[in-house]
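Just so it is clear, the values below take in all heavy atoms, side chains as well, and ignore hydrogens, waters and symmetry mates. Small disclaimer: the values here were computed from a predicted structure and weren't measured. To find a chain, count down the sequence lines: A is the first, B the second, and so on, and within it residues start at 1.
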2 protein chains.
Amino acid sequence: MRWTELENEACPVARGLSVIGERWTLLILRDCFLGVRRFDDFQSSLGITRHLLADRLKTLEEKGLLSREQYQDRPPRFEYCLTRTGRDLFPVLVTLITWADAAVPSPQEAPYRLVSRATGKPVAPVLCDAETGARLTPRDLRMIRPGLAEPEADPGRG
Amino acid sequence: MRWTELENEACPVARGLSVIGERWTLLILRDCFLGVRRFDDFQSSLGITRHLLADRLKTLEEKGLLSREQYQDRPPRFEYCLTRTGRDLFPVLVTLITWADAAVPSPQEAPYRLVSRATGKPVAPVLCDAETGARLTPRDLRMIRPGLAEPEADPGRG
DNA sequence: TTGACGGGTTCCGAAAGGGAACTTATCTGT
DNA sequence: ACAGATAAGTTCCCTTTCGGAACCCGTCAA
């Protein structure tokens, strides 16, 4: 497995990382969800070099997560908008935020919150089974490789 | 914001990425959930260089996601087990898998499946509100920055 | 005493990242 | 007409990280 050829792997984690696994990419997408659209706004928000930002935006456009849309003619100017595929990534960001708040605590207050679009109130998102609606904690799930022996015990019981 | 100092950011996405955002890290953790524990098994599973693998495992131990446990005395041999904090990352992996299966399709079949630990049957995990149990689609949530103006419209409606 | 196993470390060239200045096109003020 | 500002990149060059391969160490079995 080579990092630069992850998109050809059978493993969905590897294929996912081929799109969002590079340095800065998920932070660019976070800014998109916060409403950032323009090159200089991403740049000042992230402190990333302009070179790298241009590269990441181009890749995200090519992979179909952002669309580059012209918002003025003379001189031509563009903004970067989340596509359907990009918006579908929101649960990943949500679970990452939830995990990081518990696992990597910070003295500072978070600069944004997750709220319901309908009520405007904060929500605490958790995983459930789509069919039964039953809550799925990490202990309720396992990853198995069909055809291979099971792990001898729960991974990471230690 | 500097990539090497993300752990000091107020943003939980940035702090999360300071732990799991480096090349290969999430793939190492995927292997942990599949039951891989030993250095050479990670190495042959990933094709990563031994040097980089040693570095990533050490970092994951320092950050508290893995514990290095001796399983034999002479010569001393160790295995890497998920800690509680590491296991808590499972929802991130689950949502990433769900997204990648839809967004980055592959001709090959996935090498593993998500199943219920209780019933052994496949599950389709989705996000719900912990309080009400209501399903949370990406459209039901928004990220807001308190004190700042709202984005003019839905981010990425285009 | 030779080879295998498990778990690393060292070395070095290649690729990616980072800082700063430069470019291009247009509008605004003087 | 000219200076400066704005927006979106691009170029240059140096540093850090990655990647491939070989090497090292302790132990055990043949």
*For dG8(C), does OP1 or OP2 lie under 4.0 Å from any side-chain N or O of Y80(B)?*
yes
*Phosphate oxygens OP1/OP2 of dA8(D): is one of them under 4.0 Å from a side-chain N or O of R68(A)?*
no
_For atom CG of D41(B) and atom P of dC5(C), their distance in whole Å_ = 13 Å
*Closer than 4.0 Å, any side-chain N/O of R23(A) to the OP1 or OP2 of dT17(D)?*
no
*Does a donor on one side chain and an acceptor on the other come within less than 3.5 Å for D140(A) and T137(A)?*
yes
_Can you confirm if the NZ or CZ of R38(A) lies within 45° of the ring axis of Y71(A) and under 6.0 Å from the centre of its six-membered ring?_
yes
*Distance in angstrom units between F78(A) CZ and dG9(D) P, rounded*: 7 Å
*Round to a whole Å and report the spacing from CZ of R2(B) to C1' of dT16(D).*
14 Å
_Length of the line joining I48(B):CD1 and dA21(D):P, which is rounded to integer Å_ = 15 Å
*Is Y71(A) touching bases, backbone alone, or none of the nucleic acid, heavy atoms closer than 4.0 Å?*
sugar-phosphate
*asked:* Without decimals, in angstroms, what is the distance between F42(B) CZ and dG6(C) P?
replied: 15 Å
*Please check the phosphate of dG18(C) (OP1 and OP2 only) for any side-chain N or O of W24(A) closer than 4.0 Å.*
yes
_If I take atom CD in residue E79(B) and atom C1' in nucleotide dC5(C), what distance separates them, rounded to the nearest angstrom?_
16 Å
*What about R77(A): does its side chain form a donor-acceptor pair under 3.5 Å with the base of dA7(D)?*
yes
*To the side chain of A54(A), which of dG26(D), dT10(D), dG18(C) is closest?*
dT10(D)
*Report yes or no: is there a donor-acceptor pair, N or O only, under 3.5 Å between the side chain of R50(A) and the base of dA8(D)?*
yes
*Nearest-Å distance, CG (D40(B)) to P (dA4(C))?*
15 Å
*So which one's nearest nucleotide on DNA chain D is more toward 5', D73(B) or D55(B)?*
D55(B)
*Does the side chain of L82(B) reach to within under 4.5 Å of the side chain of L29(B), using non-hydrogen atoms?*
yes
*Could you tell me whether Q108(A) atom CD has more than 12 heavy atoms of other residues or ligands within 6.0 Å of it?*
yes
*Should L66(A) and L34(A) be counted in the same cluster of Ile, Leu, Val, Met, Phe, Trp and Tyr side chains packed under 4.5 Å apart?*
yes
*Mind calculating the distance between CG (L53(A)) and P (dG17(C)) to the nearest angstrom?*
13 Å
*Start at the 5' end of DNA chain C and walk down; is the nucleotide closest to G47(A) or to F39(B) reached first?*
F39(B)
